[in-house]
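Everything below concerns the one structure shown next.
Numbers restart at 1 for each chain; the letters A, B, ... are given by sequence-line order, proteins then strands.
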Amino acid sequence: MFLKEYISDVYTGVTSLLKGMRKTGYYFLHPKEIITEQYPDNRATLVLAERFKGEVVMPHDANNEHACTGCTACEIACPNGTIKVVTKFDITPEGKKKKAIDALVYHLELCTMCNLCVIACPSDAIKMVPTFEHSVFDRSKLTKILNKPASKIREGIE
Amino acid sequence: MGAISLIALLVAAIAFSAGGILIGKILVKGSTNPQKGQPYECGIPTNTSPWHQFNVGYYLFALLFLIFDVELVFLYPWAVVVKKVGIIALIEIIIFIFILFMGFLYAHKKGALKWS
Amino acid sequence: MFSLEGITTTTQNWLFAKFDPTIALAIECIIVIFLAITLFAGLGLVLVLMERKVAARIQIRLGPNRVGPGGMFQTVADTLKLIMKEGLTPDSADKFLFNLAPFIVMMVAMLLLAPIAFAKNFQIWDINIGVLYISAISSLSVIGILMAGWASNNKYSLLGAMRSGAQIVSYELSAGFAVLTIVVLTGSLQISEIIAAQQNGWWIFKGHIPAVIAFVIFIIAVTAETNRAPFDLAEAESELTAGFHTEYSGMKFALFFLAEYINIFIVCAIGATLFLGGWMPLHIGSWEAFNNIMDYIPSSVWFMGKTFLLIFVIMWFRWTFPRLRIDQLLNLEWKYLLPISLLNLLLVAVIAILGWHF
Amino acid sequence: MSNEEIKEIISSTLPSATYDETGEWLNVIIDSKDWKKIAAECRNGALQMDFLFCLTCVDWKTHLTMVYHLTSTKHRHNIVVKANLDHAMPEIETVCDIWRTAEFHEREVFEMFGVNFLNHPDLRKLILEDDFKGFPLRKDFEDPINMIKL
Amino acid sequence: MYNQTEIIKDTTNLGPEGELIINMGPQHPATHGVLHLVVTLNGETIKKIEPHLGYIHRSIEKMCESLTYRQFIYVTSRMDYLSSHINNLGCALLIEKGMQIEVPERAKYIRVILSELTRIASHELWLGAMAMDLGAFTPFFYTFREREMITEIMEETCGARLTMNYIVPGGLMYDIHPDFQKKVKAFIKQFKEKVTEFEDLVTNNIIFQSRTKGIGILSAEDAISFGCTGPVARASGVSCDIRKLYPYDVYDKVEFDEIIETAGDSFARYIVRVKEMNQSIRIIEQLIDCIPEGEFVGKTKNVLKLPKGEFYTRVETARGEFGVFIVSEGGTNPYRIKFRSPGFSNLSALNHMAAGSKIGDLMATMGTLDLVIPDIDR
Amino acid sequence: MNISAIIFYAISALILGAGILAVTSVKIFRSAIWLLFSLVGIAALYFWMQVEFIAAIQIVVYVGGIVILIIFSIFLTQQSGKDLPKPALSKTLFSALAALFGIAFTFNLITHYGFDNVSAAPFNASVNEIGMQMLSTSSHGFILPFEVVSMLLLASMIGCIVIAMKTSTSDATPLNNKED
Amino acid sequence: MELKEKDNQAFPGIIHETPGGGIVVSTFDSIINWARSNSLWPLSFATSCCGIEMMSTASAKYDFSRFGFEVARASPRQADVIIIAGTIVNKMAPVLKRLYDQMADPKYVIAMGACAISGGPFFYNTYSVVKGADHIIPVDVYIPGCPPRPEALLHSLISLQEKIKMGMTRDQIRGEFKG
Amino acid sequence: MNEIPLTHILFASTALFFIGMYGLFTRRNIITMLMSIELMLNSVNINFVAFNKYLFPDKLDGIFFSLFIITIAAAEAAVAIAIIINLYRSHNSIDVDDATEMKY
Ligand code: SF4
Ligand code: SF4
Ligand code: SF4
């Protein structure tokens, strides 16, 4: 019967639409469902997963010492040449020449946060930290030297 | 206030739009480059204009619309007086609408209301 | 809470008492111009912000809340920026029509303001063919869109314009029939009389089922006529990148944007006037006390309340439904809305003649 | 079907085909001229190899090798067909009338390796710019401007 | 570097009477990413669609030839970034197969759980994006609410939200986070509550149905002939789930159904994906409580050398069969590497599916194909 | 010379100017737009004459319907960007002369006749009146034409469908080119 | 430039939190800059992975409509800022240039992710990747990361707001300003 | 408004009529000719209304005539355009010079 299915068409269509409107209407009436985190205002309370790979840093302890031996394992491990290890030779008290890093250059703009360098590092001298506010107006600001000026290699790391 | 208000409204519209556009024109000087004037097409250059013959699949609907539009026009005076005239008006309009409904059903049967 | 009742009459009397008619008329014109422009600007700001807030609430977001208290100045900032943005005109476009189109759209929106009763005795021109006038003028708006679409000389624009041409044109019919039902019940086209007829109850209550059906059809039709989702094929984001105003930028684009919202306001105002009694407070038969309490609320508040309710419903549609396809859209009109509203009209006629409505 | 059966079916159509079973699947090494014949046989014959799930090319600096991975959605057996092409002017019959997916894959191989597929409906560049020079996936490809060696 | 003269050549030309040739993409809201379709229109009807690829061709296959076997894994998570974990898994599996590395059970379980989580995340995103193509904006936000939970889990365990590089040959990079299981259970709970929303909002919606039912039909034969895999092929009734046919890791231990629809239209594709999400939940529920203790990475040499020969592995990503084909000369990096990406084959069927329908249908068809362009261009 | 007179001359200027442009413009789309303006001007003239009903009808039917239809048909049949062929100069001259002569002739007729018997009786063309008379079955009623109109519309509708559908079967929208 | 230093001590966006939501009503310019910085409409332009993170920035959790960015325009004529989210390859470069050229002034560019900044993972041994989007169009703000988290994108947007708000002469407003 | 004499309105309508006629003579393109015809019809309408208003204010016949004229014009336009499009589909042109010798 043509008329019957015509009416039933109208009926089913309208009801299905009303169902959808009920859903959205529910959310409109329940502000507690809002899940927005207001980023710049919640900076104080914002906690990131400690594993989040934001950038590579080289931890320095109180008397400005790091654990990097300049073995360039990270440079080799890095898939896209983000790390350049510049080594120098300095004289140990015993008078022996000893290899140490002059600068560990790290191009943040190239890094893909793949963590391979950290894994490769034999002496855990570098690690990933969950920072993300790196926006800059000038690309050259993104090239960093990880070891602090005048920092020395910690004793007892070969 | 009478029909004069329409003119006032027209003036208002023109003043509003023109004012806005002019401020922009005066204060903003845009950079120019050869690309800027070309039509936008998802970033792909185009040298063909849409101004060639273009197949409007739904002109048939426009035809039918015109007919029904005229019918609508005749219904307005009827609607105003139907309460006063009473049952006669009803009969007349039922005839009127019935005849046109025939046409509507015909169109439906011929599939004129289906898409292309 | 102030009420606009009588303001117009007093001012008019005062003016005509003070000056000679021509000057008074001129002054009135200037007042009207001023009011209209402020109304436009105000409505634009409010409606756009409302749209974004409603969308945010439905989409479990916060929405604009950083510019000004609660994001109140967000749209102000947008407007300023749009004014201060460069207005491009493509080289290959038909420059004259391209620049004319926004004006047309604005004029149409503006002209539609004339017969709307914002409050008791607060109406620019109580034209005697009120609703017919409205449906006539609103059928002009499609011209602006077609012009813009063709003059842009851009394929997306042309497609969008064609679509909205077919769409607006068809949905005018069912909108007209829905309006006619009320005309039948009232026996007049004049806005003021239509409102007066709802003194003892709004048509949507008095008119039984047919009035409700007409109301639903009206809402659907005007949603389509104003190119709102789910009928926004004219500027279907995902199909034709921005539809008929793809090539517009800066203030010209802002005018289209504004006109869209003004049209929404106007059609909702019409809907409120025809079906929900305009500024008429909610009166129920013979409950004197209740009616008196209702009368304390100023009429402008009633009008605005009803209008914004309808506007909210239309926004609710937009943020719930997917978009129709052009042929489905035309099907909906010609297969469902048109026959139903035709029969509905006859039904109403019977009711009106037999006087079954209270 | 076991590799043996596959082998004899193929040998019955093409005696010259040689086999190599060191890899995971049966490899059929054929001469590039016979490819069309084998392909039709594999697709429509008893093997029912209706699913060409990988089509690529390898550049051994001396020659190119087309590699077709075929499987059958009916019998669930896979074979790998290989055909060696001349490095100077590689040519092979297209199979995009047998497996329609081959059309795009062959276009890709065409621009990446310069293999010329005979009777291909439209053998144009699919991925690279139209004015791109050279065949990037060949071993001897050099692009001093864009390609920075690590 | 790029002056005006280098603007690429015009791809459109004046068609015959009544035909309009439109470029969709590279920058187009509906072609997620940078697909470029040259669509020949007759009025509103599509006559022909010609995809132009390569706007995100990053020459991954070439650069992998100069990366070591440890390094090249991370690149694959940039191809099909929505199922990056599964891509990594495929490469790792190949290396393990080639070098007979023993992978500890624990690692296998975790890999599978993460893969399924990735699949759900991908389908959630697809659902939102497709609804957006059809003009419904709100579902996008609801799907992302659940997806965010997954990305949080990923972030906590793998250290990245999207392109996690968590798998190393022989196991995992590091052990899972202590409250991994807790979080996953919480996610499953919420997901089961919220998935019904889409019944009301999308699945049963009359507009949505009328826009997807009978649109972009792909028959089973065509699906096979076009090499389609994944949900696209399964919606046409082709059984092609790698997890069933060639089980890897612990997929043979868990029980789940391969969703098969026969209609082959956009709606079937939609249904298949929605049901697949539930199956993934089922798999996770079976595994999450019985992750065995033990090592998370097997014993591997420091420098990996794949023996001479050719290797092929396939895994089931969210889009279908992802194959890795490596030709090794026995060195530390592959001699030739070829990624068989599901999207490439699925796209080749687009013209066949969409020709003759309306522009609006193109959106529905493309949306349900669930294309990821970098996966196609590589 | 008061406001309404000014308005009248402005409106007529709009009508005539737009009309002239409509028949002379070389871009067909533009001439359609000019035609539209001319029609709107005529509607305004009706407004000015206080026959609002006819004015509204004018807009609804002509602007809302016919012009849209004309624009659609332009897109269907024209290269709307292309300029129309210029008519031959001789032809232009001839037509212009003919038109001018006709104008002069009629003007002179009108001015001589003068229409001095203008009756100042109030004129009431409210929709109510129109409706009453349209539906009245009396000798002055228009009920017969009213019903005939419906027949006319029916006929034209069927005519349109028959003519249009005749080719729209062989219409250039093939749904069967799945193979390519 | 000195902005970066300011970044380091004070977080961008906190600085202008004066009552009234950071409206700095000093001169005409600053009003205009306030308006522009607060209604940056992005062009929906995402090429790869970073685009997904851009989507999640739009999603309900980190909802960038709070800043008024949600009006993503599909047409460059109406957009104010391109967020280059993803790799730019040689075939895409002219398209990007075109889109940028077709935008109406003033226009700003954000390079999101390692790829957009410098080619990132695809810097070495690739024949088709543009080594940094700023070879093609001027870039205002760079966000490192692969992909950057949504918060990072928000941070960069706020930095861009800062850049617009502070010291730009009338001429710079008129669109000669290049990042 | 009565100080506008009827003749001025008639002048306007006459001018419009002959403008339409001019268009009808010069244009060779059926659609533009159709436009010209519409103009002429409108000028006639103006006359009807004007006469009715000025000369016989007590009757409404002029109004009704213009009403029916508009109706007929609509029907005529609809059919005409259907024919035009059909014509175009059959012989790829709607130029009268080509259309004249075609037996339709
Ligand atoms: S994280 Fe990866 S890309 Fe970044 S420096 Fe380490 S190894 Fe290189
Ligand atoms: S960081 Fe580690 S790996 Fe890199 S040079 Fe220093 S010690 Fe070696
Ligand atoms: S930066 Fe990383 S995440 Fe972003 S597009 Fe490039 S590879 Fe993808």
Side-chain angles (χ1 to χ4, degrees), chain F residues 4-5 8 12 15-16 19-20 22-23 28 31-32 35 38-39 42 45-46 49 51 54 57-58 61 65-66 69-70 73-74 76-77 84-85 87 91-92 95-96 99 102-103 106-107 110-111 115 117-119 121-123 125 129-130 133 142 145 149 152-153 156 159-160 163-164 166-167, chain H residues 1-12 14-16 18-23 25-29 31-32 34-36 38-39 42 45-46 49-50 53-58 60 63-64 66-68 70-79 81-86 88-90 94:
Chain F
S4 88
F8 167 76
S12 359
I15 297 174
L16 298 184
I20 292 172
V23 294
I28 182 159
S31 69
L35 170 72
S38 179
L39 295 176
I42 291 168
L45 188 60
Y46 291 146
M49 286 199 253
V51 281
I54 298 296
I57 301 303
Q58 170 87 6
V61 174
I66 296 181
L69 201 52
I70 288 181
S73 60
I74 287 176
L76 266 163
T77 59
L84 292 168
K91 184 178 228 165
T92 322
S95 337
I103 289 177
T106 335
F107 275 17
I110 293 168
T111 33
F115 295 107
N117 58 343
V118 171
S119 79
F123 175 61
E129 290 296 320
I130 296 176
Q133 215 176 105
F142 283 82
V149 159
L152 168 79
L153 293 179
S156 62
C160 288
I163 298 170
K166 199 160 82 189
T167 46
Chain H
M1 54 172 291
N2 274 341
E3 70 283 333
I4 293 291
L6 172 58
T7 50
H8 288 207
I9 304 178
L10 296 186
F11 285 156
T14 327
L16 192 60
F18 284 103
I19 289 172
M21 204 178 75
Y22 171 83
F25 284 160
T26 48
R27 299 286 189 162
R28 314 302 314 137
N29 174 318
I31 290 180
T32 40
L34 186 66
M35 294 185 195
S36 317
E38 297 297 342
L39 277 180
N42 272 284
N45 261 349
I46 297 178
V49 175
K53 178 172 170 51
Y54 280 81
L55 304 182
F56 312 101
D58 47 350
L60 285 178
I63 301 287
F64 274 99
S66 48
L67 188 54
F68 289 122
I70 292 180
T71 314
I72 290 161
E76 163 254 0
V79 178
I81 281 174
I83 292 174
I84 289 176
I85 288 165
N86 212 344
Y88 179 80
R89 291 244 171 88
S90 45
I94 56 170

Which heavy atom in [X] sits nearest to a heavy atom in [Y], and how many Å separate them?
{"X": "H:Ala15", "Y": "F:Leu16", "answer": "CB-CD2, 3.8 Å"}
{"X": "H:Asn42", "Y": "F:Tyr46", "answer": "O-OH, 4.3 Å"}
{"X": "H:Ile85", "Y": "F:Ser73", "answer": "CD1-CB, 4.3 Å"}
{"X": "H:Ala74", "Y": "F:Ile66", "answer": "CA-CD1, 3.9 Å"}
{"X": "H:Phe68", "Y": "F:Pro145", "answer": "CZ-CB, 3.5 Å"}

Would you mind reporting whether [Y] and [X] have side-chain heavy atoms less than 4.5 Å apart?
{"X": "F:Ile42", "Y": "H:Leu16", "answer": "yes"}
{"X": "H:Tyr22", "Y": "F:Ile20", "answer": "no"}
{"X": "F:Ile54", "Y": "H:Ser66", "answer": "yes"}
{"X": "H:Thr7", "Y": "F:Thr111", "answer": "no"}
{"X": "F:Ile74", "Y": "H:Met35", "answer": "yes"}
{"X": "H:Thr26", "Y": "F:Val23", "answer": "no"}
{"X": "F:Met49", "Y": "H:Ile9", "answer": "yes"}
{"X": "H:Thr71", "Y": "F:Leu153", "answer": "yes"}

Interface moiety of [X] toward chain H, non-hydrogen atoms closer than 4.5 Å:
{"X": "F:Leu152", "answer": "side chain"}
{"X": "F:Ile70", "answer": "both"}
{"X": "F:Ile103", "answer": "both"}
{"X": "F:Phe8", "answer": "side chain"}

Worksheet item: Under a 4.5 Å heavy-atom cutoff, which of F:Gly65, F:Ser31, F:Ser12 has the most pairs with chain H?
Response: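 With the most close heavy-atom pairs to chain H, the winner is F:Ser31.
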Worksheet item: Is it the backbone or the side chain of H:Ile81 that comes under 4.5 Å from a heavy atom of chain F, or both, or neither?
Response: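 It is the side chain, since no backbone atom gets that close.
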